[in-house]
Amino acid sequence: MPIIAIVGNKGGAGKTTLSVNLAAGISNQSSIAVIDADPQGSSLQWRAIAGDNVHFPVYAPTFSLKQQAQSYSGKNDVVLIDCPPSVKSPQSVSVLEFADIAIIPVQPSPMDLWATVHIEKAIAEARETNPELKALLVINQLESRTTLSKLVREVLNEIALPVADTAIRRRAIYRNSALEGKSVFGIGKRGADAVEEINSLIQEVV
Ligand SMILES: Nc1ncnc2c1ncn2[C@@H]1O[C@H](COP(=O)(O)OP(=O)(O)O)[C@@H](O)[C@H]1O
Ligand SMILES: [Mg+2]
């Protein structure tokens with residue numbers, strides 16, 4: 001069953017936002033366990049506030065992320081790991097060696113997109129021990145479609161990683177739902193647009 005790593009090289013790219021909302025969407029269909037491998041512990045904090053609002057666990061990392069993930073993988077359809085904001089962190093390096101797919105949220109700004117060159121390198125290195133590793137860039141906090149298509153096309157020439165067809169737009173509801181200890185799936189109509197794009201991304205990934 002797939003082990004999904006949410007990785008990146010920048011704080012604030014949206015790893016935790018994607019982690020908890022993807023997990024919430026996946027949990028509607030399948031069993032999922034989340035590991036918060038970022039020492040900042042934001043997914044764990046969110047889970048503590050969420051209480052009964054959501055129906056999947058978020059675990060703190062144990063000594064061996066690989067053993068931990070493989071153990072959850074045996075009991076769940078999906079395991080998702082929220083990683084620290086550096087692909088060179090020991091946690092990210094370890095996770096990329098056994099994950100099935102790496103999802104990399106990036107903001108649609110040239111600086112952020114160019115910074116993914118380092119991620120491309122990290123993915124290539126990980127593939128030496130984990131040749132089946134898939135990787136997918138996800139544009140997060142998109143504000144206009146024109147900007148996206150222009151930027152992505154320019155940057156695609158420099159980066160060898162595929163970009164998800166689904167882009168996640170900048171929406172206040174991602175922040176507000178987290179404040180309430182919820183995902184965008186748990187806030188009724190206010191979350192409808194966000195739910196649609198998260199579900200669309202899940203379709204692409206799982
Ligand atoms: N698509 C989005 N729309 C609006 N706000 C977002 C979106 N994605 C992330 N954010 C906000 O941006 C900030 C950083 O996101 P976060 O998921 O914590 O990033 P990371 O885990 O990569 O550090 C948070 O305040 C989060 O609520
Ligand atoms: Mg985070």
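Basis for what follows: all heavy atoms, side chains included, without hydrogens, waters or symmetry-related copies. Please read all numbers here as calculations on a predicted model, not as lab measurements. Order of appearance sets the numbers: ligands from 1, and atoms from 1 within every ligand.
- In this structure, the protein non-hydrogen atom closest to atom 8 (N) of ligand 1 is Asn140 ND2, 3.0 Å.
- Counting only protein atoms, the N, O or S atoms lying less than 2.8 Å from the Mg ion (ligand 2) are Thr16 OG1, ordered by chain and residue number.
- Shown here, atom 11 (C) of ligand 1 is in close reach of the protein: a heavy atom of it lies under 4.0 Å off.
- Residue Ile168 has no N or O atom closer than 3.5 Å to an N or O atom of ligand 1.
- For the pair Ile6/Leu22, a side-chain contact is recorded, criterion being any heavy-atom separation below 4.5 Å from C-beta on.
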Under the criterion side chain to side chain contact (heavy atoms under 4.5 Å, CB included), I'd like the reasoning laid out for Val106 against Trp114: C-alpha separation, chi angles, the key distance, then a yes or no.
CA-CA 10 Å; Val106 285; Trp114 290 325; over 6 Å; no
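- Scanning the protein for heavy atoms near atom 17 (O) of ligand 1, the closest one is Thr17 OG1, 2.6 Å.
- Taking hydrophobic clusters as Ile, Leu, Val, Met, Phe, Trp and Tyr residues chained together by side-chain heavy-atom distances below 4.5 Å, Ile104 does not share a cluster with Ile3.
- Of the residues listed (Ser19, Ser89, Pro85), the one engaging Asp38 in a side-chain contact (heavy atoms from CB on, under 4.5 Å) is Pro85, and it is the only one.
- Looking at Thr16 next to ligand 1, an N or O pair under 3.5 Å apart turns up.
- At the shortest separation from atom 25 (O) of ligand 1 among protein heavy atoms lies Arg175 NH1, 4.1 Å.
- Looking only at protein heavy atoms, the nearest one to atom 19 (O) of ligand 1 is Gly14 N, 3.0 Å.
- With respect to Arg171 and Glu197, a salt bridge is recorded, a charged nitrogen being found less than 4.0 Å from a carboxylate O.
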Candidate pair Arg190 and Glu180, rule salt bridge (charged side-chain N to carboxylate O under 4.0 Å, His left out), full reasoning
CA-CA 13 Å; Arg190 289 182 295 154; Glu180 295 175 32; 3.4 Å; yes
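- Atoms of ligand 1 lying under 4.0 Å from at least one heavy atom of Arg169, given by number and element, are 1 (N), 2 (C), 3 (N).
- Using a 4.0 Å heavy-atom cutoff, Ala13 is listed among the residues neighbouring ligand 1.
- Separating the CZ atom in Phe98 from the OG atom in Ser73 is a distance of 9.5 Å, to the nearest 0.5 Å.
- In terms of polar-atom proximity, Gly12 is counted as a contact of ligand 1, with an N or O under 3.5 Å from an N or O of the ligand.
- Paired with Ile4 under the rule side-chain contact (heavy atoms from CB on, under 4.5 Å), one option of Val79, Asp100, Val206 passes, and it is Val206.
- In summary, the atoms of ligand 1 found under 4.0 Å from a heavy atom of Gly11, numbered by their order in the structure, are 23 (O).
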